[in-house]
Amino acid sequence: MEKIRVMISEEEVDKRIREIGAEITEKYAGKEILLICVLRGGSFFMCELAKRINLDVKIDFMSVSSYGGGTESSGHIKIIKDLEESVENRNVIVVEDIIDSGRTLSHLLELLKSRQPASLALCTLLDKPDRRVVEVPVDYTGFKIEDYFVVGYGLDYDQKYRNLPFIGKVELEDNSILK
């Protein structure tokens, strides 16, 4: 059995999402934006972010897999669900729950660039720069974190803990922290 230790409180997460929403509102003033959520984990963050952007916002979803049931990226990337809307000539912001290796996002950003959006930005709730294998340009970051396996706010451990309203570290029974 694992324990979850609060790393970033619900209040801190909420405050930072409000700040990011204000930044996006200011940068894209008077324009419509398309938020593309990377499922499943990104859905919690995107819904909260969309509520805090004071512009015309449309949303779409993609499901991209690079993980199995474990905690490490497999390096194999598969598009499970593609977009329903065209991104051509639109202001697109990809919304992700966490960026670690960068493999998945690098692939996804290249794919979206090839579809000729007017602009393309990346927004993540959490960034683990110590895990980066492929550099990706992150335009909006909620929090930079150390290399811990985290859950909550959409992030899961074997499909558990997504619904936690905070970001927590996963600790195993032997008090080791999962990485």
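The model shown is predicted, which means the values in this text are computed figures rather than measured ones.
- Note: F44 CZ to L155 CG = 9.5 Å, rounded to the nearest 0.5 Å.
- The distance from atom CZ of R90 to atom NZ of K58, rounded to the nearest 0.5 Å, is 5.5 Å.
- At a threshold of 4.5 Å between non-hydrogen side-chain atoms, the residues F45 and V95 count as touching.
- To the nearest 0.5 angstrom, M46 atom CE is 10.5 Å from E48 atom CD.
- Side-chain contact between V13 and L125: present, with at least one pair of heavy atoms (C-beta onward) separated by less than 4.5 Å.
- Every pair passing salt bridge (Lys or Arg N to Asp or Glu O under 4.0 Å) that includes a residue from residues 105-124 is listed here, sequence neighbours excluded: D82-R115, E110-K113.
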Under the side-chain contact (heavy atoms from CB on, under 4.5 Å) criterion, do I24 and L49 qualify, and how do the steps go? CA-CA 10 Å; I24 291 170; L49 180 62; 4.2 Å; yes
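- Of the residues listed (D100, D127, D147), the one engaging R132 in a salt bridge (Lys or Arg N to Asp or Glu O under 4.0 Å) is D127, and it is the only one.
- Residues I98 and K128 meet the side-chain proximity criterion, which asks for heavy atoms closer than 4.5 Å.
- In this structure, R40 places its CZ atom where only 12 or fewer heavy-atom neighbours from other residues, nucleotides or ligands lie under 6.0 Å away.
- Linking ILVMFWY residues whenever their side-chain heavy atoms come closer than 4.5 Å, directly or via other members, places V6 and V170 in the same cluster.
- Counting heavy atoms from C-beta on, the side chains of I167 and F143 never come closer than 4.5 Å.
- The environment of E146 atom CD is sparse: at most 12 non-hydrogen atoms of other residues, nucleotides or ligands sit within 6.0 angstrom.
- When every heavy atom of K144 is checked against every heavy atom of P129, the shortest pair comes out as CD-CG, 4.4 Å.
- Residues A118 and N91 come closest through the heavy atom pair CB-OD1, 4.0 Å.
- Atom CG of L83 and atom CD of E85 lie 8.5 Å apart (nearest 0.5 Å).
- Judged by distance alone, the side chain of K81 and the main-chain N or O of F61 form a donor-acceptor pair under 3.5 Å.
- For the pair I20 and R52, the minimum side-chain heavy-atom distance is 4.5 Å or more.
- The CD1 atom of I99 lies 9.5 Å from the CG atom of L126; values are rounded to the nearest 0.5 Å.
- Between P117 and V92, the shortest heavy-atom contact is CB-CG2, 3.9 Å.
- Around NZ of K15, the count of heavy atoms belonging to other residues, nucleotides or ligands within 6.0 Å does not exceed 12.
- Across all their heavy atoms, P137 and L109 have their closest contact at CD-CD1, 4.1 Å.
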Side-chain atoms of residues 26-38: list all donor-acceptor pairs with protein atoms under 3.5 Å, sequence neighbours left out, distances to 0.1 Å.
none

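- Here the closest non-hydrogen pair linking G102 and V136 is O-CG1, 3.6 Å.
- Going from atom CE of M7 over to atom CD of E12 covers 10.0 Å, rounded to the nearest 0.5 Å.
- When all heavy atoms of I4 and F166 are compared, the pair lying nearest together is CG2-CE1, 3.9 Å.
- Checking side-chain atoms of S114 against main-chain N and O of L111 turns up a donor-acceptor pair under 3.5 Å.
- Side-chain atoms of S63 do not come within 3.5 Å of backbone N or O of I80 as any donor-acceptor pair.
- The pair E23-R16 meets the salt-bridge criterion, with a side-chain N (NZ, NE, NH1 or NH2) lying under 4.0 Å from an Asp/Glu carboxylate O.
- The hydrophobic clustering, which links ILVMFWY residues whose side-chain heavy atoms are closer than 4.5 Å, places I79 and L112 together.
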